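Taking it in order: structure first as structure tokens, then the write-up.
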Amino acid sequence: MTGLLAFVFVLSVVVTVHELGHFWAARACGVAIDCFSIGFGPKIVAWRDKTGVEWRIAAIPLGGYVRFSGDDNAASVPDGSDLAVLKREIASREGEAAVSRYYHFKPVWQRAIIAVAGPVANFLLAIAVFAVFAVTLGEYRHPARIDTVPADGPAAAAGFKPGDLVTKVDGRRIKTFEELSGYVILRARLPIDFTVERGGQTVHLVATPVQVEVVDKINGRMKIGRLGVGNVSKPYHYRSTIWRAIPDATVQVWDQISTIGFYLGRLVTGQISADQISGVIGIGHAVGAMASATTVDAPDIQTLLLRFFVGQMIMVATLSVSIGFMNLLPIPVLDGGHLLMYAYEAIAKRPLKAEFQAAGFRAGLALILGFMLFAAWNDLHRYDVFKFIGGLFS
């Protein structure tokens with residue numbers, strides 16, 4: 001039950017903030033808005049603000065949506081003729097002046113801003129969470145020093161020695177052993193150029209991490225890259241200043257975006273197996289596992305609640321980056337797909353024909369649903385659900 005509540009909380013916060021991004025951008029552009037819903041399905045509570053927007057809390061607390069005026073008919077995928085019909089309907093019902101308040105009659109650049117505002121809101125949410133925790137809690141870090149080098153690992157074969165301090169990986173500066181590990185994990189079977197300080201000298205070493213399968217309490221069974229080095233030094237506590245927190249958090253979010261893009265690139269080119277793709281089940285498991293891990297052995301209820309909140313907000317920030325990135329992919333039904341159509345409209349000086357838009361949305365929806373089913377199948381295997389069910393009947 002704790003895991004389920006944590007999952008609902010995390011997903012609701014991330015999706016609601018995403019939709020609020022669209023909402024605030026639309027309101028700034030003067031777009032008429034019918035409804036903002038937290039959750040889906042039948043409404044439980046609803047009220048209307050002074051601008052006429054209906055705010056509602058719905059029965060299924062897994063996300064939400066914002067509905068612009070005019071989006072509840074076929075004009076949601078309009079071409080020139082559809083827009084002409086919609087314009088006449090609005091003018092006859094509300095007057096000519098009202099036409100400019102409808103989303104479809106806004107300049108294409110404003111519609112593009114509204115579309116991109118959802119992902120941007122996700123990124124800003126993650127930056128805010130990381131920045132607040134960097135100032136208030138800080139984190140424990142290990143220096144990027146190599147303390148142990150097993151003889152049978154790729155690091156030993158590449159010439160690493162105990163005492164080496166790694167300063168760069170593929171020309172990118174790193175400061176902590178955690179950064180080093182995160183970089184290596186995603187690069188199984190890829191050669192990496194390491195810049196190492198050794199005895200006052202700079203040494204370049206090239207090592208190729210091997211791929212190993214591990215079982216993680218939060219992420220389940222994973223295939224990762226392993227270099228074959230260890231760090232046993234005492235961690236130090238780092239707490240950011242108010243002036244450094246936002247830049248540090250922005251870099252952290254950008255690093256996560258770059259990591260997702262790099263991972264997808266390796267996936268598309270066949271360098272890594274598609275069985276590593278995770279979906280809603282995996283997200284739910286990770287959120288629940290984080291809730292359990294952060295609250296175990298809490299000495300009192302106040303500590304338990306604080307740990308639970310911090311753990312879930314970290315999950316909110318991490319998932320927010322992922323959802324923001326995925327929504328920018330150029331797939332119809334996603335924000336990136338809308339941006340692609342707006343780019344066509346800006347170049348061609350007319351919207352894409354409605355039948356092409358509708359076909360693209362159907363194809364995009366089929367692609368997303370297929371991806372979700374495939375990811376769910378992976379999750380069922382990753383967490384040994386089938387083995388568990390089989391054990392119940394054996």
Side-chain angles (χ1 to χ4, degrees), residues 6 9-10 13-14 16-18 20-21 117 119-147 164-186 194-197 216 218-219 229-263 286-287 289-291 293-296 298-299 302-325:
F9 169 76
V10 169
V13 170
V14 172
T16 298
V17 168
H18 179 94
L20 281 172
V120 169
N122 285 132
F123 299 145
L124 292 177
L125 170 63
I127 290 172
V129 171
F130 290 141
V132 169
F133 286 161
V135 173
T136 58
L137 300 178
E139 62 179 343
Y140 284 95
R141 298 177 174 181
H142 293 80
R145 189 173 299 280
I146 307 303
D147 294 322
D164 286 347
L165 179 66
V166 180
T167 58
K168 294 181 181 179
V169 286
D170 291 330
R172 170 184 170 179
R173 185 170 298 278
I174 64 168
K175 298 179 181 179
T176 68
F177 193 80
E178 288 75 15
E179 290 180 287
L180 173 63
S181 299
Y183 195 85
V184 169
I185 282 173
L186 295 173
F194 295 89
T195 303
V196 175
E197 287 187 3
D216 183 86
I218 293 179
N219 297 306
V229 295
N231 181 289
V232 296
S233 59
K234 184 178 180 180
Y236 62 94
H237 186 256
Y238 172 80
R239 180 177 292 171
S240 182
T241 64
I242 294 177
W243 311 113
R244 287 295 311 164
I246 295 295
D248 287 346
T250 303
V251 170
Q252 187 175 353
V253 168
W254 175 251
D255 286 344
Q256 290 191 15
I257 294 172
S258 302
T259 296
I260 297 170
F262 176 80
Y263 185 86
V287 171
M290 175 66 81
T294 54
T295 57
V296 67
Q302 291 87 354
T303 303
L304 184 146
L305 292 175
L306 177 61
R307 290 180 181 178
F308 178 84
F309 175 75
V310 171
Q312 294 316 298
M313 289 308 297
I314 291 174
M315 292 299 298
V316 162
T318 302
L319 183 60
S320 193
V321 175
S322 298
I323 287 183
F325 177 91

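No experiment lies behind these values; they were computed from the predicted model shown. Values below: every heavy atom of this structure, side chains too, minus hydrogens, waters and symmetry copies. Along the sequence shown, the residues carry numbers beginning at 1.
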Over all heavy atoms of both residues, which pair between [X] and [Y] is shortest? Give the atoms and the distance, please.
| X | Y | value |
| --- | --- | --- |
| V132 | T136 | O-OG1, 2.7 Å |
| A117 | G21 | CB-O, 3.2 Å |
| I323 | N122 | CG2-OD1, 3.9 Å |
| V310 | F133 | O-CE1, 3.8 Å |
| T241 | V135 | O-CG2, 3.8 Å |

Applying side-chain contact (heavy atoms from CB on, under 4.5 Å) to T250 and F123, what does each step give before you reach the verdict? CA-CA 9 Å; T250 303; F123 299 145; over 6 Å; no

A quick test of your reading: do over 12 heavy atoms of other residues, nucleotides or ligands sit less than 6.0 Å from CZ of F309? no

Mind checking side chain to side chain donor-acceptor pair (under 3.5 Å) for Y236 and listing every partner two or more places apart, or none if nothing turns up? none

For E197, all residues meeting side chain to side chain donor-acceptor pair (under 3.5 Å), sequence neighbours excluded: none

Going by salt bridge (charged side-chain N to carboxylate O under 4.0 Å, His left out), name the residues that satisfy it together with D170, two or more places apart in sequence or in a different chain.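 With sequence neighbours excluded, D170 shows a salt bridge (charged side-chain N to carboxylate O under 4.0 Å, His left out) to no residue whatsoever.
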
Stepwise side-chain contact (heavy atoms from CB on, under 4.5 Å) check, D248 with Y238: CA-CA 12 Å; D248 287 346; Y238 172 80; 3.3 Å; yes

Side-chain (T167) to main-chain (T195) donor-acceptor, under 3.5 angstrom: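 It does hold such a pair.
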
